[in-house]
Q: 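Would you mind keeping the following structure in view while I ask a few things?
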Amino acid sequence: LAMVADGVGGGKDGEAASRLVVSTVTRYVSESIDAYYTSDSTGDASFTGELNAAALRVHADVLEARESGQGKRSMSTTLTLLIFVWPYVYALQVGDSRYYQLRGDNLLQVTRDQTIGQQLVDSGVLKEKEAVGSKWAGVLASTIGGSESEPVVTRVDSDWGYVHLICTDGLTKHVSDERIREHLMSMTSAKQVCEDLLQEALDAGGSDNISLIVVRPLRKDA
């Protein structure tokens with residue numbers, strides 16, 4: 001289990017939202033995993049539904065905290081969470097924190113940013129390059145605790161040697177996909193590549209919170 005949560009706005013309310021999400025979603029996901037291992041052959045769809053429901057339960061918790069006076073109207077956060085159930089990875093995403101998977105020399109962005117800019121690209125209103133520099137690029141269309149929360153659960157294959165990266169937009173604002181691919185391909189350890197990616201983002205401006213986790217499953221006998 002690995003996750004990142006990026007509080008919206010960079011203030012104390014965003015920090016409170018991300019802390020609440022990380023602490024509570026773990027409990028809900030644990031219940032979902034129990035359901036997965038006790039299910040029959042149709043359990044995959046059930047598990048996906050359980051993860052979606054877990055995100056919505058956390059969303060409701062943040063809304064409740066906000067309404068009870070524990071946070072302001074700006075109390076919201078992104079959430080990108082990975083669950084490794086060999087030989088698959090389940091990715092749960094709300095917001096624009098990304099999940100990448102490196103397979104050999106191919107870097108795949110598994111998640112899609114839940115932003116107004118990406119919605120305009122998907123609908124054909126803007127081209128990809130136009131959206132990157134537009135005012136809509138960083139406007140979130142879905143968050144935990146916001147006015148809209150639309151969790152997306154994706155299952156992808158995993159294998160020995162695949163490298164998995166989840167990160168906030170503080171990294172991807174400053175480090176291109178190509179540079180991320182180069183770093184992951186030349187990594188000697190998860191710790192080392194995280195430090196190198198962080199440093200490159202800081203050197204390029206470091207204009208936002210930067211959180212990242214790298215996972216690489218290795219055989220014990222390798």
Side-chain angles (χ1 to χ4, degrees), residues 1-6 21-22 25-26 29 32-33 36 43-45 47-52 54-55 78-115 117-118 121-122 128 131-132 137 140 142 144 150-201 208-220 222:
L1 174 66
M3 72 185 88
V4 295
D6 187 13
V21 165
V22 168
V25 75
T26 305
V29 166
S32 302
I33 292 175
Y36 178 87
D44 183 70
F47 185 51
T48 298
E50 288 284 342
L51 292 178
N52 190 288
T78 71
L79 173 66
T80 297
L81 178 149
L82 302 184
I83 298 178
F84 293 83
V85 185
W86 194 260
Y88 305 114
V89 182
Y90 291 84
L92 166 64
Q93 186 209 18
V94 181
D96 64 351
S97 296
R98 294 180 179 177
Y99 166 38
Y100 291 94
Q101 189 182 83
L102 181 73
R103 301 181 176 188
D105 59 359
N106 181 39
L107 182 69
L108 170 68
Q109 181 183 329
V110 178
T111 57
R112 293 183 67 79
D113 296 346
Q114 293 184 331
T115 61
Q118 187 61 57
V121 171
D122 293 342
E128 194 77 44
V132 171
L140 290 168
S142 172
I144 298 288
E150 299 181 0
V152 174
V153 179
T154 306
R155 191 191 81 173
V156 292
D157 293 336
S158 186
D159 204 347
W160 302 116
Y162 284 8
V163 182
H164 309 267
L165 164 68
I166 51 176
C167 61
T168 63
D169 64 342
L171 178 71
T172 53
K173 282 179 180 178
H174 299 292
V175 183
S176 67
D177 284 6
E178 179 56 31
R179 287 294 296 155
I180 290 174
R181 187 182 74 88
E182 291 174 1
H183 278 288
L184 295 180
M185 287 185 63
S186 62
M187 68 181 285
T188 57
S189 71
K191 180 176 184 292
Q192 165 263 318
V193 76
C194 282
E195 291 175 346
D196 290 349
L197 285 167
L198 172 62
Q199 191 60 55
E200 181 161 333
D208 202 350
N209 295 328
I210 307 165
S211 295
L212 64 154
I213 299 174
V214 170
V215 178
R216 180 177 58 171
L218 297 174
R219 293 179 64 94
K220 290 185 177 180

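It should be emphasised that the depicted structure is a prediction, and the values quoted were computed from it without experimental measurement.
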Q: Is there a donor-acceptor contact under 3.5 Å from the side chain of S142 to the main chain of E150?
A: yes
Q: Would you say that V215 contacts L82 through its side chain, given a criterion of any heavy-atom pair below 4.5 Å between the two side chains?
A: no
Q: Within the distance-only criterion (no hydrogens, no angle test), does the side chain of E178 pair as donor or acceptor with the backbone N or O of I180 below 3.5 angstrom?
A: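 Pair absent, no side-chain N/O of E178 close to backbone of I180.
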Q: Taking NZ, NE, NH1 and NH2 as the nitrogens, is one of them in D113 or R98 under 4.0 Å from a carboxylate oxygen of the other?
A: yes
Q: Quick one: which residue pairs count as a salt bridge (charged side-chain N to carboxylate O under 4.0 Å, His left out) with a foot in residues 81-90, not counting sequence neighbours?
A: none
Q: Do D177 and Y100 have side-chain N/O donor and acceptor atoms under 3.5 Å apart?
A: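 D177 vs Y100: donor-acceptor pair found between side chains.
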Q: Nearest 0.5 Å please: distance from the OG1 atom of T172 over to the CZ atom of R179.
A: 15.0 Å
Q: Could you give the distance from CG (L108) to CZ (R181), rounded to the nearest 0.5 Å?
A: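 Result: 13.0 Å between the selected atoms.
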Q: Heavy-atom distance under 4.5 Å between the side chains of L102 and Y162, does that happen here?
A: no
Q: Are the side chains of R155 and T48 in touch, meaning some heavy atoms are under 4.5 Å apart?
A: no
Q: If the test is side chain to side chain donor-acceptor pair (under 3.5 Å), which one of Q192, K191, Q199 qualifies with E195?
A: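 Running side chain to side chain donor-acceptor pair (under 3.5 Å) over Q192, K191, Q199 with E195 returns exactly one hit, K191.
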Q: Please report the interatomic distance CZ(R103) to CG(L184), rounded to the nearest 0.5 Å.
A: 14.0 Å
Q: Of all the heavy-atom pairs spanning T78 and S97, show the shortest one and how long it is.
A: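 Residues T78 and S97, closest heavy atoms: OG1-OG, 2.8 Å.
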Q: To the nearest 0.5 Å, what is the distance between SG on C194 and CE on M187?
A: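 The distance works out to 7.5 Å.
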Q: Find out whether Y99 and T154 are in side-chain contact, i.e. whether some heavy atom of one side chain is under 4.5 Å from a heavy atom of the other.
A: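 In short, these two side chains do not touch, never coming nearer than 4.5 Å.
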Q: Would you say that V4 contacts L212 through its side chain, given a criterion of any heavy-atom pair below 4.5 Å between the two side chains?
A: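 Of all side-chain heavy-atom pairs linking L212 with V4, none is under 4.5 Å.
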Q: Kindly indicate whether the side chain of H174, heavy atoms from C-beta on, has any atom under 4.5 Å from the side chain of E200.
A: no
Q: Just how far is it from atom CG of N52 to atom CG of L92, taken to the nearest 0.5 Å?
A: 7.5 Å
Q: When R112 is tested against each of V152, D122, D96 for side-chain contact (heavy atoms from CB on, under 4.5 Å), which residue passes?
A: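 When side-chain contact (heavy atoms from CB on, under 4.5 Å) is applied between R112 and each of V152, D122, D96, only D122 qualifies.
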Q: Please name all residues satisfying salt bridge (Lys or Arg N to Asp or Glu O under 4.0 Å) with D169, sequence neighbours left out, ordered by chain then number.
A: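 For D169 the salt bridge (Lys or Arg N to Asp or Glu O under 4.0 Å) partners, ignoring immediate neighbours, are K173.
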Q: Could you tell me if the side chain of S211 sits less than 4.5 Å from the side chain of D6, heavy atoms only?
A: no
Q: Over all heavy atoms of both residues, which pair between L171 and A201 is shortest? Give the atoms and the distance, please.
A: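 Closest approach of L171 to A201, heavy atoms only: CD1-CB, 4.0 Å.
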Q: Could you measure the distance from the CG atom of D196 to the OG1 atom of T188? Nearest 0.5 Å is fine.
A: 7.5 Å
Q: Among V163, V193, L165, whose side-chain contact (heavy atoms from CB on, under 4.5 Å) with R216 holds?
A: V163
Q: Counting C-beta onward and ignoring hydrogens, is there a side-chain heavy-atom pair between F84 and H164 closer than 4.5 Å?
A: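 The answer is yes, as the side chains (C-beta and beyond) meet within the 4.5 Å cut-off.
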